There are 2 protein chains.
Amino acid sequence: MVKRRRRTVATIKDVAERAGVSTATVSYVLNGTGSVTAATRQRVLQVVAELEYQPNHAARSMRSRSRTLGLILPNGAAGLSTPTLAELVAGLTEAAANHGYYLLLAGDPVQSEHLVATSLARTGRVDGFVLLDLQVDDERSAHLTAAGVLHVGVGAPASGNACPGLSFDLTGGALIATRSLRTLGHRRIALINLPSELTDSDLLYQGFAKALTETGEEVAPSLIVEAGTSQDDGLAAMQELLAQPEGPTAVLAASDELAFGAMHALRDAGIEVGRDVALIGCGDVPLAAHTHPPLTTLRAPRRALGAALAHTLIALVEQQPLPSFTPLPLQLIVRKTTCPLPE
Amino acid sequence: MVKRRRRTVATIKDVAERAGVSTATVSYVLNGTGSVTAATRQRVLQVVAELEYQPNHAARSMRSRSRTLGLILPNGAAGLSTPTLAELVAGLTEAAANHGYYLLLAGDPVQSEHLVATSLARTGRVDGFVLLDLQVDDERSAHLTAAGVLHVGVGAPASGNACPGLSFDLTGGALIATRSLRTLGHRRIALINLPSELTDSDLLYQGFAKALTETGEEVAPSLIVEAGTSQDDGLAAMQELLAQPEGPTAVLAASDELAFGAMHALRDAGIEVGRDVALIGCGDVPLAAHTHPPLTTLRAPRRALGAALAHTLIALVEQQPLPSFTPLPLQLIVRKTTCPLPE
DNA sequence: ACCGGTCACTTAACCGATTAACTAGATTAT
DNA sequence: ATAATCTAGTTAATCGGTTAAGTGACCGGT
């Protein structure tokens, strides 16, 4: 009769026994703490390799951190479909892995985001959170801060928020984009901006405004439209601009998504983008290269932003000094939607 | 002198003390096990609410499962950018949440996928894994099975694999797509298929072949090309088809990505898609509606597949009978790339 | 020769839950 | 009346690590 062996993984106790030491010693070896002779260390490591021992995660997190970062997917997790978020997540995952961290995903359910986050943090499932689309006076951030939940936000740091906010250099990007439109001869340049709740919105505006005022021009309020974030919002915004007596000859859209909508509106109005009106988007999602005509846009290093977010959040969690961060530069990718001012 | 109170979350002990019972009783109340009077239950729940107590996850998982499912992102996590995967993940996350599970993301690092998965499982971080792009005789599955790691695969279940495989009804989809091309008068219909390593590849072929043989026709081997998965692969495959003496008048591509590549190849050859040659893709990614001309394609319920994967994997983990699964039906979305056979 | 200090460990407490085993009191069965 | 059973709890072991505190051997200094 064969003794049925329960299939289970090796524990630290198994390693200790086999190596003839106490579990403490094994722990010391594995964590590089305590003092252990080279010989003992060797023996322990040998056994660890033999048994393919890997410390149980739950047991570890009971005494320290869970080495897990949390992310809540907006729109019932549908938001992940947007290339912007997808690449950000890729960057996050990658950078986190380099520090031994993993990413826990949660769809946003019935409850509000900060409740889910707080719950995940209080149960010790995650050490900190990434907040997407940071807003001005973001109440999610306020709630999390009050609950003592560490977090970083995607978006410019804003006065009302206690958390670090990381973003692209949208001001610089808007500046070079607008300048390039001016260089092409355009004077009536419009801005289809993000909702003003988003902290990123003002960054864009600042760059846009600077490009105009640096040449002594005025910013025409009628040429600035605050839109939503969807393609339809971009369409509506463009229609609003076209309805004006003196419409724009060039448009800067705060996102590719908005720009796509604007393209639709222009086409519907019988205006040819890239000939009659110049258009610049922001983000450079894959689709941007494949529209007709291909969209001139500001390329955003989304992966790098994801990595920066991970580094910052992990530093926060491990109580190390936060890494310095300068907003990530955008690059103007000139395609076919920009053109000189027609006579 | 005020006693410094360490900021920390309430434990089961705090609840027990405050409610005047033992921790066991609190646990029984919370888990619905044991026997507790209504009065005691009330009191405990009251305290739980007061202290906003939530059981520590690490402590729980030490005794049971971690209630976490794992997913490894292919291509250094870049694969997430593809809408296919993104929506699958959304469906997974959502369905998992309904069972109290969360999704842990890992990018694939230096090590091979099964090693990462095994490590995550052995450390108790995750209970089971979702394997993307299931292959015939998938060695990842073999390794995981050998290591006792529970998993389900995305793709048709294949003879060589021990794990459940969930996929779309690609056979049915290919059947209706090919039939529709035949109805339009086409006779020389080509198939640009996925790599034959993928279990899904054969499913597609079966449907394609059936549509031809059911009307007594032969399947021309020269009109079947095995491609890779990228747009460039689709381009190359189409070029190969065009190089033949009697090229196809209609093409079924196994993915939208491949179809996009095929469109490029056709355009480069001066052939107008949707007039000279009919093309049907598979997947219906968002971009499909926005190409020129918009792509006729088979819509795949990716979210639903994600949900089904979650249900199956959780059943596996909780040792419940696996839910029955029938391959999810595809729907033909007719846009502008299909056309009757030109005279 | 004696003391203090390292070194290289071991022992045992602890993290926060679950749960098997036990107990006292109430109820039912014989 | 006594045993058997049930109810509503409690006690304590346990999961698998980490780490503070303890221990004996060894070394150098006076």
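The shown structure was predicted, so the numbers you read here are calculated from the model rather than taken from an experiment. Protein chains get the first letters and strands the later ones, always in sequence-line order, with residue 1 at the start of each. Side chains included, hydrogens not; waters and symmetry mates left out as well; all remaining heavy atoms used.
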Quick tally for nucleotides 10-20 of chain D: nucleotides whose base has a protein heavy atom under 4.0 Å get B, sugar-phosphate-only ones S, the rest -, giving BB--BBBBBBB
| So B:Thr68 and A:Arg125, side-chain hydrogen bond (donor to acceptor under 3.5 Å, both in side chains) or not? Walk me through it. | CA-CA 10 Å; B:Thr68 307; A:Arg125 240 182 196 279; 3.1 Å; yes
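- Rounded to whole Å, the distance from CZ on B:Arg41 to P on D:dT7 is 14 Å.
- Judged purely by distance below 3.5 Å, without hydrogens or angles, the side chains of A:His57 and B:Ser66 never pair a donor atom with an acceptor atom.
- Side chain to side chain, A:Glu50 and A:Gln46 meet the donor-acceptor criterion of an N or O pair below 3.5 Å.
- The NE2 atom of B:His57 sits 14 Å away from the C1' atom of C:dT18 (whole-angstrom rounding).
- Within a 6.0 Å radius of CD in B:Gln320, more than 12 heavy atoms belonging to other residues, nucleotides or ligands are found.
- Between the side chains of A:Gln54 and B:Ser119, at least one donor-acceptor pair of N or O atoms lies under 3.5 Å.
- Phosphate proximity of C:dT6 to A:Ser35: absent, as no side-chain N or O sits under 4.0 Å from OP1 or OP2.
- B:Thr118 and B:His143 are not linked by any side-chain donor-acceptor pair at a separation below 3.5 angstrom, with hydrogens and angles left out of the test.
- What separates CZ of B:Arg65 from P of C:dA17 is a distance of 18 Å, to the nearest Å.
- Atoms CZ (B:Arg67) and P (C:dA17) sit 13 Å apart, rounded to a whole Å.
- For C:dC15, the OP1/OP2 oxygens have no side-chain nitrogen or oxygen of A:Ser61 closer than 4.0 Å.
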